[in-house]
Engineer: 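Questions regarding the structure given below will be posed in turn.
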Amino acid sequence: MRLAKYLAHAGVASRRAAERIVAAGRVTVAGEVVTDPARDVDADSGVAVDGRPVAPEPHETYVVNKPLGVVSTARDTHGRPTVVGLVDSDRRLYPVGRLDADTSGLILLTNDGALAERLTHPRHGVEKVYRATIAPGRPSPRALRALREGVELDDGRTAPARVRQLGPDGLELAIREGRNRQVRRMAEAVGQRVVALERVAFGPLRLDGLAPGSSRRLTRAEVERLRAGRRHTPGP
Ligand code: URA
């Protein structure tokens, strides 16, 4: 793996900052200063920063129930609380994808870059399930069919979705894309406004009883299920 990426994975710094640390001549590989961030290294290469050996960080992945008002970036320029602050870990965790500040529910945090890529790349089409409260509600059969088959948004038509009506003003939508404010825009496209939105499932994982603001580290088996990315649809 590239030296800068190795340092980032080991939690030394972000990829960009790691490149600067390398360029500054602070990194040695097997005792020799290396200033090329693209140098190919692994756990046996003897990488050190300022003379201190750098070992790859063990991976940790958490499921978090994000409350409203919390942002899903690693840091917020406006000083708002972030999902990363909800998890008690010494690792450099980052969110897997995004939820709007005004969306609550399931978000994953990890320091496993390959897992994050597996879960967010459109190619893999991991299913996300959302529960929306809509206004004015009572969507017509035609609106439901449009949501299921695909609606035209300004960034293109949406892929087929699973849609279930939950009472007069509730909808459950299961989508395999992750476009910006997608559920809100899909609802608008059929004349509805989302007044509350919660993500209840991500691939095989569900929120279950996790309280808002709480987090839980995933077991190895859960991470393996996520990584295997079975395209099964979570049950209701
Ligand atoms: N769709 C939205 O509109 N918002 C989210 O946060 C996630 C999906």
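Atoms within each ligand, like the ligands themselves, are counted from 1 in listed order. Residue numbers run from 1 in the order of the sequence given.
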Engineer: Give, for atom CG of L218 and atom CD of E60, the distance between the pair rounded to the nearest 0.5 Å.
Structural biologist: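 L218 CG to E60 CD: 11.0 Å, rounded to 0.5 Å.
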Engineer: Please work out, at 4.0 Å between heavy atoms, whether the side chain, the backbone, both, or neither of D100 comes within that distance of ligand 1.
Structural biologist: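 For D100, the contact with ligand 1 is made by both the backbone and the side chain.
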Engineer: Examine V183 against ligand 1 and note whether any of their N/O atoms are separated by less than 3.5 Å.
Structural biologist: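 Yes; the residue has a nitrogen or oxygen that sits under 3.5 Å from a nitrogen or oxygen of the ligand.
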Engineer: Measure the shortest side-chain to side-chain distance between Q192 and P136 over non-hydrogen atoms and say whether it is less than 4.5 angstrom.
Structural biologist: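 When only atoms from C-beta onward are counted, P136 and Q192 do touch, with a gap below 4.5 Å.
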Engineer: Any atoms of ligand 1 less than 4.0 Å from a non-hydrogen atom of L99? List them with their elements.
Structural biologist: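 Heavy-atom distances to L99 below 4.0 Å select 6 (O).
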Engineer: Going by the atom numbers of ligand 1, which of them fall below 4.0 Å from some non-hydrogen atom of Q182?
Structural biologist: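 Numbered from 1, ligand 1 contributes 1 (N), 2 (C), 3 (O).
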Engineer: Under 4.5 Å between any side-chain heavy atoms of P58 and R91, yes or no?
Structural biologist: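 In short, these two side chains touch, coming nearer than 4.5 Å.
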Engineer: With a cut-off of 4.0 Å, which atoms of ligand 1 are near a heavy atom of Y130?
Structural biologist: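 Answer, ordered by atom number: 7 (C), 8 (C).
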Engineer: Could you state the interatomic distance from NZ (K66) to CG (L106), rounded to the nearest 0.5 Å?
Structural biologist: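 These two atoms lie 12.0 Å from each other.
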Engineer: For the CG atom of L3 and the CD atom of E19, what is their distance to the nearest 0.5 Å?
Structural biologist: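 Answer for the CG-CD pair, L3 versus E19, is 9.5 Å.
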Engineer: If we set the cut-off at 4.0 Å for heavy atoms, which region of V194 has an atom near ligand 1: side chain, backbone, both, or neither?
Structural biologist: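 Looking at V194 and ligand 1, no heavy atom falls under 4.0 Å.
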Engineer: Using a 4.0 Å cutoff against the non-hydrogen atoms of T103, which atoms of ligand 1 qualify?
Structural biologist: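 Selected atoms, number and element: 4 (N), 5 (C), 6 (O).
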Engineer: Any nitrogen or oxygen of R98, side chain or backbone, less than 3.5 Å from one on ligand 1?
Structural biologist: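 There is no such contact.
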Engineer: With rounding to the nearest 0.5 angstrom, report the OH to CG distance, Y62 to L86.
Structural biologist: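 If I round to the nearest 0.5 Å, the distance is 12.5 Å.
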